[in-house]
J.: 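Before anything else, here's the structure in question.
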Amino acid sequence: MERSDATVFPNGDIYVGITKGGLPHEKGKYTWSDGTVYDGHWEEGKMSGKGWIIWSSGSSYEGEFSGNYLHGYGAFYGRDGSIYRGSWRMNNKHGIGRKEYHNSDVYDGCWREGVREGSGRYAWSNGNFYIGNWKNGTMCGRGVMKWFNGDIFDGFWLNGLSHGSGCYRFADGSYYFGTWAKGLKDGRGTFYPSGSKLSSLDKCKIDKHQDIMKRILSHRSSVSTDESVRPKVKRSLSEKISASFGKGSGRISQKTALLDGDWILDGSIEMIPEDASCLLSHNSLDVQSNLLDNSTAAYEREYMQGVLIKERLKNVTRLSHPSKQRCKFHVKEVRTTSCMDFFDGRKSYYLMLNLQLGIRYSVGKITPVPIREVRLSDFGERARIKMYFPRKGSRLTPPHYSIDFYWKDYCPMVFRNLRELFKLNAAEYMMSICGDEGLREFSSPGKSGSIFYLSRDDRFVIKTLKKPELKVLLKMLPSYYKHVKDHENTLITKFFGLHRISFSRGKKVRFVVMGNMFCTELHIHRRYDLKGSSHGRFTKKDEIDEGTTLKDLDLKFEFHMDKLLREILFRQLSLDCQFLEGQHIIDYSLLLGLHFRAPEHLLTLLEPPDSMHKPEITATAITDGETSQGDIAIPPRGLLLVTHEPSSASDEPGPHIRGNTLKAYSVGDREVDLLLPGTGRLRVQLGVNMPAEATHKVKQDGTEEEDSPEVELFEVYDVVLYMGIIDILQDYNIKKKLEHGYKSMQIDPMSISAVEPNAYSKRFIGFLQKVFPAEP
């Protein structure tokens, strides 16, 4: 090692400091020929350790380096006046940091590979601010937006726009609880004018996380701008980043967030739990406490792409019994007699963790096995993978935070081949179900008492099964495998895996993993479960909300489709019903989802929002009545079939692929895409993205038809349909035969669900032919 006062290199660069083998080492100052200067630590010719650099452009950085990269904690001063203080990895902002933009906007939160990702707070110079989750630099996930005028939106976001359920609190004290799609109100919701009394159900949503919101909206950044305390902040923050992120992990553990609920990193970023109920600010809670009890006015509203199409006055003084029960669910866990009663405390978390561990183990074990055609020995209860998962871990299993359990994976080779048939990648499957974001539970719309989980990307539904249902599935599995192999357009539920979790006390929980038929970027406005029977097949009006699955007698629409699309639909329905009839299955139904395009006479050109778009971020102004964004305007004719173009509508398998692209009569029997303004081209497949016109009969006074001969008016809507056959695990056994005999003595035998398979199939097809009538 030697010391040199100055070393001049042939290219004009100058170095003053300690060298080793002719290269800068330890402490020194290097000046490039273009005027860039670095003064700090070196390691064998590379900037490593602490130092500062000033580029010829005028930008500068002071902090930690590694291998010539900005790596560690440091402060970057841009030539445009922006300042970033926080963590770096390989020249990219990565970890926790604070950026002050040249236009006085400030972001304080998590970064990943140079973009905002994770939890963070963005404050605009005009007074607006957002606290919540980010992805790829845009607001995505749970978050709260507050505008300078006092309006607050708390809910879910996607690509910088409100998307999903949420609550909007207006500055005057009024509220709107509902759903949004791409920044527009879309679907049903409830509007409370200023001074109205909130229903008990909506109060429950507010009260649950009142304390969390008080902390969120009183948020203050702890990353000081005072140069004198910067070294102290740097050391503290670096240590906490290391402890929170782990070596090389580069991001916050979602499991920690789930375990701890809400927590704080460095006192500056408060994590918002993904499963939190609707949150409001402490200001809105003050307003709530002052609401007048003698004012009970509320309005049930329904929107389509931001257009208000229905509104009716609602009295919130008295709640029905079901509404009260739903409210209780938000306050405390409702005691049930489900298969999960044996858990204590964090039962749902334990069961989901067990599922993830088991599926990760099974898929990891079967994937390396060379693909082959299934054999007879691959079917039945004896074809299985079994493993014991002790809490402390074993030679083959990792340690975990659940209780000891036994895992059984039924017919692994069969389901592996089914996933291949459905064009599902093993890595995709595991990441969707077993990734850090985990699963979320949702309530069952049926009477089975089953528990349902939904993957975070909405692609998969996991349902608990009773033992008889498991036996039915195992018995039909060889025929099911052959059917889906022979008919790629089948509408029957996709099965991806069949599993069982057992515990030392003898309790067993059985699961089946299925595809989610409503996994789509379009908002599903209505859901129907259609069996073709009529006895008891209706929903009470006080039980209907945005997520309710309606029944046969609730359906007031007829759907008119392209001639060829309808022909293909009923050809496949007939094949699927023949299969189910051959397996002696009844009680199945068509799950039908509707996405409405706003009717022509209600459409208006949407006004662009106030100027509040800032560099690197999107924020949408939300107003009562119409929520607007500058580049969206719904045309008078919402749906258009065009010739399929593989380059425009990707031929890559989607999350709900059902086979080939369908042909339509209206474009000359050629494969078609659905052109949907604001969304783009969508592949039309059987049960997916199917366009139709929905005709709704109404009385002259505007109310819905109720067997009245005076119906003269028709409302016609453009709709996009999603459908599939579900609940195919009920065979026509002795119990169902007795049910049929008993009910037949009291009511019309053809109005009940429990009829023999041949009659059930014929009635099912006949009912759907009325729902989807042929063109005259």
Side-chain angles (χ1 to χ4, degrees), residues 374 379 410-411 414-415 417-424 446 448 450 452 459-463 465 469-498 511-520 527-532 549 565-566 568-593 653-660 662 685-690 721-732 753 757-758 760-765 767-769 771-772:
V374 295
F379 295 95
Y410 293 97
C411 308
V414 177
F415 285 105
N417 281 32
L418 282 172
R419 292 193 291 268
E420 291 284 341
L421 284 176
F422 297 137
K423 300 185 173 84
L424 179 62
S448 65
S450 298
F452 289 81
R459 295 184 65 175
F460 304 102
V461 175
I462 302 176
K463 175 188 176 184
L465 296 180
E469 293 176 315
L470 181 138
K471 290 186 173 181
V472 169
L473 179 52
L474 288 174
K475 181 181 177 182
M476 76 154 60
L477 194 56
S479 301
Y480 172 85
Y481 180 81
K482 183 179 186 304
H483 182 76
V484 298
K485 189 176 181 181
D486 293 343
H487 305 286
E488 66 173 343
N489 285 330
T490 181
L491 289 165
I492 291 177
T493 305
K494 293 178 185 178
F495 294 121
F496 297 106
L498 185 61
F511 295 93
V512 63
V513 183
M514 305 175 289
N516 178 17
M517 294 174 182
F518 293 158
C519 180
T520 170
R527 298 168 174 82
Y528 292 93
D529 183 271
L530 307 176
K531 291 179 181 286
T549 301
L565 292 181
R566 183 186 182 278
I568 296 170
L569 171 64
F570 277 94
R571 186 188 308 146
Q572 189 60 53
L573 281 171
S574 178
L575 290 169
D576 290 340
C577 287
Q578 287 176 24
F579 164 74
L580 295 172
E581 184 182 333
Q583 300 298 310
H584 304 285
I585 300 296
I586 63 168
D587 266 356
Y588 51 87
S589 55
L590 185 79
L591 185 63
L592 178 66
H656 42 218
I657 189 168
R658 300 225 182 265
N660 54 41
L662 299 186
Q685 299 165 271
L686 197 58
V688 178
N689 301 327
M690 299 187 71
L721 305 179
Y722 296 85
M723 65 185 80
I725 298 175
I726 62 169
D727 295 337
I728 65 168
L729 300 181
Q730 178 59 63
D731 60 345
Y732 193 56
S753 180
N758 180 263
Y760 192 98
S761 174
K762 288 181 179 177
R763 184 183 64 188
F764 181 70
I765 293 289
F767 175 74
L768 293 180
Q769 286 174 337
V771 175
F772 301 94

J.: Apply ring pair (Phe, Tyr, Trp, His ring centres under 6.0 Å) to Phe495 and list each qualifying residue two or more places apart in sequence or on a separate chain.
T.: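 Checked Phe495 against ring pair (Phe, Tyr, Trp, His ring centres under 6.0 Å); matches are Tyr480.
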
J.: List the residues meeting side-chain hydrogen bond (donor to acceptor under 3.5 Å, both in side chains) with Gln769, not counting sequence neighbours, and say none if there are none.
T.: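 Testing Gln769 for side-chain hydrogen bond (donor to acceptor under 3.5 Å, both in side chains), a comparison that skips the adjacent residues, returns none.
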
J.: How would you list, by chain and number, every residue that makes a side-chain hydrogen bond (donor to acceptor under 3.5 Å, both in side chains) with Gln730, sequence neighbours excluded?
T.: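 Residues passing side-chain hydrogen bond (donor to acceptor under 3.5 Å, both in side chains) with Gln730: none at all.
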
J.: Mind checking side-chain hydrogen bond (donor to acceptor under 3.5 Å, both in side chains) for Lys471 and listing every partner two or more places apart, or none if nothing turns up?
T.: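 None.
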
J.: In chain order, what residues pass the side chain to side chain contact (heavy atoms under 4.5 Å, CB included) check against Lys762, with sequence neighbours excluded?
T.: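 Per chain and number, Lys762 pairs via side chain to side chain contact (heavy atoms under 4.5 Å, CB included) with Asn758.
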
J.: Under 6.0 Å from the six-membered ring centre of Phe422 and within 45° of its axis: does the NZ or CZ of Lys494 meet both?
T.: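 So Lys494 does make the cation-pi contact.
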
J.: Flag this pair as yes if the NZ/CZ of Arg419 is under 6.0 angstrom from the six-membered ring centre of Phe415 and inside a 45 degree cone about the axis; otherwise no.
T.: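 No; the conditions do not both hold, so Arg419 does not lie above the ring face of Phe415.
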
J.: According to side chain to side chain contact (heavy atoms under 4.5 Å, CB included), who are the partners of Ser589, at least two apart in sequence or on a separate chain?
T.: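 Counting only residues at least two positions away or on another chain, Ser589 forms a side chain to side chain contact (heavy atoms under 4.5 Å, CB included) with Asp529, Lys531, Ile726, Asp727.
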
J.: Using the ring pair (Phe, Tyr, Trp, His ring centres under 6.0 Å) criterion, which residues pair with Phe379? Sequence neighbours excluded.
T.: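 For Phe379 there are no ring pair (Phe, Tyr, Trp, His ring centres under 6.0 Å) partners, ignoring immediate neighbours.
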
J.: Give every residue pair that meets the salt bridge (charged side-chain N to carboxylate O under 4.0 Å, His left out) criterion with at least one member in residues 473-483, sequence neighbours excluded.
T.: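 Residue pairs passing salt bridge (charged side-chain N to carboxylate O under 4.0 Å, His left out), neighbours aside: Lys482-Asp486.
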
J.: Under the ring pair (Phe, Tyr, Trp, His ring centres under 6.0 Å) test, which residues partner Tyr410, sequence neighbours left out?
T.: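 Here no residue qualifies.
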
J.: Would you confirm whether Thr490, through its side chain, and Gln572, through its main-chain N or O, come within 3.5 Å as a donor-acceptor pair?
T.: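 Here the side-chain-to-backbone pair does not exist.
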
J.: For Phe767, give me all partners under side chain to side chain contact (heavy atoms under 4.5 Å, CB included), at least two apart in sequence or on another chain.
T.: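 So Phe767 forms a side chain to side chain contact (heavy atoms under 4.5 Å, CB included) with Leu530, Asp552, Val771.
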
J.: Return yes if a side-chain donor-acceptor contact under 3.5 Å exists between Asn660 and Glu488, otherwise no.
T.: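 Yes, side-chain donor-acceptor contact under 3.5 Å.
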
J.: Scan side-chain atoms only and decide if Tyr722 and Asn689 contain a donor-acceptor pair under the 3.5 Å cut-off.
T.: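 A pair is found: one side chain offers a donor N or O, the other an acceptor, under 3.5 Å apart.
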
J.: Sequence neighbours excluded, which residues qualify as ring pair (Phe, Tyr, Trp, His ring centres under 6.0 Å) partners of Tyr760?
T.: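 Tyr760 satisfies ring pair (Phe, Tyr, Trp, His ring centres under 6.0 Å) with Tyr588 only.
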
J.: So which heavy atom on Phe511 is nearest to which on Ile462, and how close?
T.: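 Answer, listing the atom of Phe511 first, then Ile462: CD2-CG2, 3.7 Å.
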
J.: Quick one: CG on Leu686 to CG on Leu565, what's the gap to the nearest 0.5 Å?
T.: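 Taking CG in Leu686 and CG in Leu565, the distance rounds to 9.0 Å.
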
J.: If you take all heavy atoms of Ile728 and Met476, which pair is closest and at what distance?
T.: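 Ile728 and Met476 have their closest heavy atoms at O-CE, 3.4 Å.
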
J.: I'd like to check the side chain to side chain contact (heavy atoms under 4.5 Å, CB included) partners of Ser479; sequence neighbours left out, ordered by chain and number.
T.: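 By the side chain to side chain contact (heavy atoms under 4.5 Å, CB included) rule, Ser479 matches Phe579, Gln583.
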
J.: Over all heavy atoms of both residues, which pair between Phe570 and Ile765 is shortest? Give the atoms and the distance, please.
T.: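 The pair with the smallest heavy-atom distance is CE2-O, 4.2 Å.
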
J.: Looking only at atom types and distance, does a side-chain atom of Asp576 sit under 3.5 Å from a main-chain N or O of Leu491, one as donor and one as acceptor?
T.: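 Side chain of Asp576 to backbone of Leu491: a pair is present.
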
